[in-house]
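Note on naming: letters A, B, ... go to the chains in the order of the sequence lines (proteins, then strands), and numbering restarts at 1 for each one.
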Amino acid sequence: MLLTADLHVHSRFSRATARDLCFASLHRAALMKGLGLVATGDFTHPGWLAEIEEQLEPAEDGLFRLKADLARAASADLPPVCRGDVRFVLEVEISSIYKQADRVRKNHNLVYMPSLDAARRFNEALGRVGNLASDGRPILGLASRDLLEIALEADARAFLVPAHIWTPWFSVLGSKSGFDGLDECFGDLAHHVFAAETGLSSDPPMNWRVSALDRLTLISNSDAHSAAKLGREANLLDIEPGFGALRRALETREGFLGTVEFFPEEGKYHLDGHRKCGARLNPDETRASGGKCPVCGAAVTVGVMSRVEDLADRPSGVRPENASPFTSLVPLDELAGEALGVGAGSKKARDLVEKALFAIGPELHVLKDAPIEDVRTAGGPALAEAVRRVRAGELHIEAGYDGEFGVVRIFGPGERDHLAGQTSFSRGTSPAACSEGEATRFRSNLSPARAASRSDKATGGDGAGVHDAYAEWTAPVPGPVAIQRPARDSRAACSDPLDGLDEGQRAMATEPTGPLLVVAGPGTGKTRSLVARMAFHVREGRVHPEQVLAIAFTNQAAQELKERVARSVPGARPGAPLVTTFHGFGLGLLREVTGADVRILDDDERLEVLETEAGEGLAKAGLKALLERLSLAKQERDPRAALASYPEILGAYDRYEAGLSRMGAVDVDDLVARPLALLDASPDVSRRVSSRFGMVLVDEYQDVNDAQAALVAHLAPFGRTLAVIGDPNQAIYGFRGAQPGHFARFKEAFGRAREVRLKVTYRLTAQVLEAARAIAGDCVLLAARKTGPKVEIVGCPSAQAEAREIATRIERLVGGTNSLASSAMRTAGAEPEAIGFGEAAVLVRLKTQRVPILEALGRAGIPCRAIGEDEPHDPRSQKVAVMTMHAAKGREFEAVFIAGCEEGLMPLALEGFAVDEAEERRLLYVALTRARHMAVVTHASRRAVFGRSLPGRPSPFLAAIPDETAPRTVARAPASRPGGKQLSLF
DNA sequence: ACGAGGTTAATTTTT
DNA sequence: TTAACCTCGT
C-alpha cells in the first residue's frame with residue numbers, strides 16, 4: 001500500500017507552534033496534502049499524550065487513527081477528492097543539550113514508539129531526566145546515546161532518528177554544537193541508528209558526499225509547527241500499514257520508495273552568512289573571509305553546504321549504489337503566490353490553492369503527478385507553468401542562510417502578465433535574468449534532459465547532476481571523515497603520589513608524623529593532598545594500607561575519597577585503607593564490640609520513643625524541639641553534664657536513653673556517643689583500637705563536634721598518627737553541634753602540632769577570590785587560574801523576577817536553548833565557552849526559596865533539580881542544581897548563582913531563632929567559593945518569607961565587596977504581558 | 001468516619 | 001503564605 005509519510009511534526013504544546021495544532025487539524029491537513037501516515041509529535045507531553053489517548057484509537061500494529069466521529073467532523077468540508085484515511089505513529093522530538101568531551105552538544109533526535117505502553121514507559125524514564133510538561137519538545141541534559149538507550153529499554157522495537165542532521169545549532173553533525181560523525185555521538189549504540197533526517201536545507205545528493213551516511217536511510221519530514229506546513233517534505237512508502245513495516249522500510253529500505261524534498265536552497269541554513277548584515281556567503285567565500293562577516297566582522301553562521309563540504313569524502317555528483325530516489329518540490333501556496341504576483345499567505349493565493357485541490361486532489365498529487373493540463377484547467381496557465389517549471393527544475397532560488405528562508409522565484413519580470421494573457425503556453429520561454437547576489441542561480445538554463453532528472457526516479461541515472469549549484473563550490477576531495485571515540489582515561493593507576501603537587505600539598509603528603517594540622521581553603525586540592533599523604537606513606541613503607549583510617553563527614557564525601565584512594569594508593573583494596581564516616585566507623589566499632597547487629601532508629605522512631613518515654617503533654621513540635629536538645633547534648637563529651645542545669649530535660653534524656661536500651665536500639669548520635677563511652681570507660685579497648693591505625697586522617701575537621709573530637713583523640717593518642725584538614729572559614733554546622741574551636745585549638749590540644757597551609761586555589765578566579773575575601777576577612781589564598789568574569793551583584797524587583805533573571809542567564813550560558821536565542825547570542829559578541837546544565841548551580845539560604853526558581857527554570861525549559869529532595873532522578877542527566885548553601889559544601893560548579901542575598905535572609909533572621917552572624921558570613925563564603933568560573937549574586941526588593949515581607953535591601957555582607965570586584969547591576973523588569981494582572985482602580 | 005474550618009508554626013543537615 | 005494538624009459537628 002502506497003503511503004506518503006511525514007514523520008516529524010509538533011503539537012500546540014511545543015514552543016512556537018500554532019495554537020490550533022490539534023489532531024483534527026493534523027488530520028485535515030494530512031488529507032489536503034495527501035499524507036497517509038503522520039507522526040503524532042510530542043508524545044512525551046502529558047497534555048498531548050492525554051489527547052492521543054482520548055482522540056485516537058488503535059489501528060494497525062502500533063498505528064493510530066482519529067476516532068471516527070472526530071474524523072468525520074474534521075473532514076466534513078474538505079474537497080471530496082481529498083478524503084481518505086490518516087494513520088498516526090507515536091513520535092517525539094527531544095532536544096538534548098549536554099556536555100561531552102568538554103564541549104556543549106545540542107542535538108535534536110526523533111524517537112518513535114511502537115505502542116502506547118512503550119511510550120508510557122519511555123515517558124516515565126524520561127520523567128526522571130527532565131520536565132516533560134514544560135514543552136512538547138522537551139529539553140534534556142541527556143546525551144543522545146543515553147536517550148537512545150532509554151528508548152531501547154522502553155521497547156526494543158523503538159527507534160531513534162537524528163533530526164535535521166546538518167543544521168548548525170541543534171543537530172548531530174551541526175557546525176555549532178554537533179559531532180563529526182554518528183559514532184562519536186552515539187558511541188557503542190551507533191549501530192542502532194539506521195536512518196537520519198536530512199532537513200530542509202540539504203537534499204540527498206548533498207548527503208551522498210559523505211560516505212559515512214551511506215548506511216543510513218535518508219528521510220525527509222516537515223518538522224511542522226503549524227498544520228499548513230505539514231508535508232512540506234515527506235517519505236514515499238509502499239508498505240502494509242504498521243509500525244513494524246515502517247521500521248523495516250527505514251531500516252532495510254524495503255518498501256522505501258524515496259523522499260519528497262524542498263529544494264535545499266529554500267532551507268534556512270543552506271549557505272553561510274550573517275542575517276543582521278544581510279551577508280550571504282557560499283563556502284568558498286566563507287573560507288576567503290576567514291569565517292567573518294564581510295560587513296561587521298562577526299563570525300558567520302556556517303550553514304549546511306559548508307558543513308557538508310567539511311565532512312565530505314566524495315566529490316559532488318557521486319551517487320551511492322543503494323541511494324533512494326527523491327523529488328524536489330515547492331509548496332503549492334508559494335507557486336500560487338508566484339502565479340498571481342501576491343504573497344503565498346494571501347487570501348488570493350489560498351483561494352487558488354483551494355480551487356486546485358477541489359478540482360484535482362491533494363497538494364502533493366498536484367505538485368508531483370497531476371497532468372499539467374488539469375492544473376491549467378483548475379488553476380490557470382500561470383499556476384500550470386509554475387508547476388511545470390518546478391518539476392523541470394527551472395526556477396531561481398535566492399538561497400537561505402543564517403535562519404533566513406531561501407526565496408523562490410519562478411517568473412521573470414513581465415512574464416506572469418504575459419502568461420496570464422495566454423490561453424496556451426508555448427515552451428521555450430526563459431525567465432529574465434535576475435540581479436540577485438552571487439549565491440543565487442538559475443535552474444532555467446539547465447538543458448531539458450538534465451532538468452528532467454530533477455525528479456530522480458532512481459533508474460541508475462545521475463540524480464545528482466542537477467545539483468551542480470554546489471558542485472561549483474566543491475573543494476578538492478578532503479580526506480575521509482574522521483570518526484573517533486573519546487580517548488579513555490588511561491592514566492597509570494598508581495604513579496608517583498607527589499607528581500604535580502604544589503609546595504603545600506607536598507608538605508602535607510610527606511610530613512612524617514602527626515599531629516598535623518592542614519588549613520585548606522576552597523579549591524586548594526584538599527582531597528588530592530589527603531590521598532597523596534596516604535599513597536606516599538604507603539609507598540615509602542611507613543604504613544600498610546590496612547593501618548590507614550580516613551574519616552569524612554558525609555557518605556558522599558567518603559565515597560568520593562574511597563574512589564580516589566582505590567585509584568592512587570598502592571595496594572589499596574576494599575576496606576584498606578579504611579575510608580568511612582564518623583558514623584560508619586562508630587557503627588563498625590559497635591558491631592565489633594557487641595558482636596551483634598545494631599538497630600538504628602530513624603528520626604520518626606526516635607520521636608516515637610521520646611513520646612512514649614517523656615512526651616507527656618507535648619505537641620509534635622515541642623517533641624521535635626526536645627529531641628533536638630537531646631541530640632545536641634549527645635554530641636558533647638558528657639551529655640548528662642551538659643544537661644545538668646536543666647533538670648526536666650535531663651530527666652527526659654534519662655528516660656529516652658532507658659527506652660532505647662530496653663528496645664536494644666541506638667540512634668544516630670549513639671554511633672559516636674556509644675563508642676566514645678566505651679573507649680572512655682576502658683583504656684584497654686582504647687589502646688587496642690588505636691594500635692590498629694598507624695595513620696589517621698580527618699577531613700572537614702572544622703565541623704567536628706565534641707564527641708567526634710574526643711573519639712579522634714582515642715584513635716590517635718597524642719596525635720602522633722593524626723593529620724586533620726579543614727578550613728575554619730567553612731565552618732557552617734554550628735547549629736547542629738559542630739565546634740569549630742577544635743580546629744582553632746588543635747595546636748594547644750595536641751602539643752608540638754605542625755601546621756601546613758595550602759595557599760594556592762586552583763578553583764577560584766582572582767575575582768571570585770577577591771569577593772570571597774571581602775566576605776570572610778582572613779583568607780590567605782592565591783588564585784592559580786586565569787582570571788574570569790567579574791562577580792556580579794544583581795538587584796531584582798521581586799523574587800519572581802530574580803528567578804527569571806537566573807533562568808535567562810543560564811539560558812545564555814549554555815549558548816541558547818533554541819536556534820533564535822543561539823544566533824542572537826552569537827551576534828551579541830564574544831562567544832564564551834558554553835557550559836552544560838550540570839555545571840551550573842543556584843544556591844539559596846532556605847529551601848523554600850527553591851520553589852520560584854525551579855518554576856522559572858522549568859518554564860524556560862531548563863533541566864533542573866532540587867537537591868535534597870527525594871525525587872526520581874536519572875544519574876545520566878545533566879541538570880542545573882538548585883540547592884541550599886549548606887548542601888553545596890564540598891562541591892564546585894562553573895557558574896554559581898546565589899539567590900536571595902538580602903537583609904533578613906543573609907544573615908538569616910527569623911523570629912524565634914538566634915542569628916549567628918559569623919556562621920552566616922562563612923556560609924556566604926562557602927557559597928561564593930563553589931564557583932570555578934563565575935558567580936552571580938542576586939537580591940530582590942520584594943520577597944516574602946513565611947508570610948512576612950523582607951525589607952528588600954541587599955545583604956549587609958555585600959557592602960564589603962568593592963564595586964570593582966563586583967559590579968552592581970539591575971535586572972531588567974519583565975515586560976508586562978497582556979493577560980497579566982491589571983491594576984485595579986478601586 | 002469524614003469534612004469543614006480554625007489554629008499554628010515555619011532554618012540550615014548528617015548519620 | 002502555606003501546609004499540616006487539630007477540633008468539632010454531622
Next item on the list: Give a yes/no on whether any side-chain N or O of A:K624 is located under 4.0 angstrom from OP1 or OP2 of B:dA9.
Entry: no
Checklist line | Distance below 4.0 Å between A:T884 side-chain N/O and B:dT13 OP1 or OP2 | finding: yes
Whole angstrom value for the distance that separates [atom2] of [N] from [atom1] of [X]:
{"X": "A:F582", "N": "B:dT15", "atom1": "CZ", "atom2": "C1'", "value": "12 Å"}
{"X": "A:L843", "N": "B:dT12", "atom1": "CG", "atom2": "C1'", "value": "13 Å"}
{"X": "A:E700", "N": "B:dT14", "atom1": "CD", "atom2": "P", "value": "12 Å"}
{"X": "A:L630", "N": "B:dT15", "atom1": "CG", "atom2": "P", "value": "21 Å"}
{"X": "A:R850", "N": "B:dT13", "atom1": "CZ", "atom2": "P", "value": "8 Å"}
{"X": "A:L910", "N": "B:dA10", "atom1": "CG", "atom2": "P", "value": "10 Å"}
{"X": "A:D699", "N": "B:dT15", "atom1": "CG", "atom2": "P", "value": "14 Å"}
{"X": "A:K889", "N": "B:dT12", "atom1": "NZ", "atom2": "P", "value": "17 Å"}

Next item on the list: Please tell me which of the listed nucleotides, B:dT14, B:dT15, B:dT12, lies nearest to the side chain of A:H886?
Entry: B:dT12
Donor-acceptor pairs under 3.5 Å, side chain of residues 547-557 of chain A to any protein atom, not counting sequence neighbours: which ones?
| unit_1 | atom_1 | unit_2 | atom_2 | d |
| --- | --- | --- | --- | --- |
| A:Q547 | OE1 | A:H544 | N | 2.8 |
| A:T554 | OG1 | A:A557 | N | 3.0 |

Check: Residues in side chain to side chain contact (heavy atoms under 4.5 Å, CB included) with A:P675, at least two apart?
Finding: A:L589, A:L590, A:L711
Item checked: Residue pairs involving residues 588-600 of chain A (criterion side chain to side chain donor-acceptor pair (under 3.5 Å); sequence neighbours excluded) -> A:R591-A:D597, A:E592-A:R692
Item checked: Spatial distance of atom CZ (A:R932) from atom CD (A:E894) [nearest 0.5 Å] -> 5.0 Å
Notebook entry, point to check: Roughly how far apart are A:R674 CZ and A:K634 NZ, rounded to 0.5 Å?
Noted result: 6.5 Å
Item checked: Pairing residues for A:E770 by the side-chain hydrogen bond (donor to acceptor under 3.5 Å, both in side chains) criterion, not counting sequence neighbours -> A:T965
Next item on the list: Please list, chain by chain and in numerical order, all residues satisfying salt bridge (Lys or Arg N to Asp or Glu O under 4.0 Å) with A:R637, sequence neighbours excluded.
Entry: A:D680
Margin query: So, using salt bridge (Lys or Arg N to Asp or Glu O under 4.0 Å) as the criterion, who are the partners of A:E700 when residues are at least two apart?
Written below: A:K526, A:K889
Next item on the list: Please work out which residues in residues 548-557 of chain A have a non-hydrogen atom less than 4.0 Å from an atom of DNA chain B and list them by number.
Entry: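 DNA chain B contact set from residues 548-557 of chain A: A:T554, A:N555.
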Checklist line | Contacts of A:F746 that satisfy ring pair (Phe, Tyr, Trp, His ring centres under 6.0 Å) - sequence neighbours left out | finding: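 Here the qualifying residues are A:Y701, A:F750.
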Margin query: Under 4.0 Å, heavy atoms only, any strand: does A:L908 hit a base, just the sugar-phosphate, or nothing?
Written below: base
Item checked: DNA chain C contacts among residues 944-959 of chain A, heavy-atom distance under 4.0 Å -> A:F946, A:G947
Note to self: If stacking means aromatic ring centre less than 5.5 angstrom from the base's six-membered ring centre, planes under 30°, is A:F735 stacked on B:dT12?
What the structure shows: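 Yes, A:F735 stacks on the base of B:dT12, since the ring centres sit under 5.5 Å apart and the planes are within 30°.
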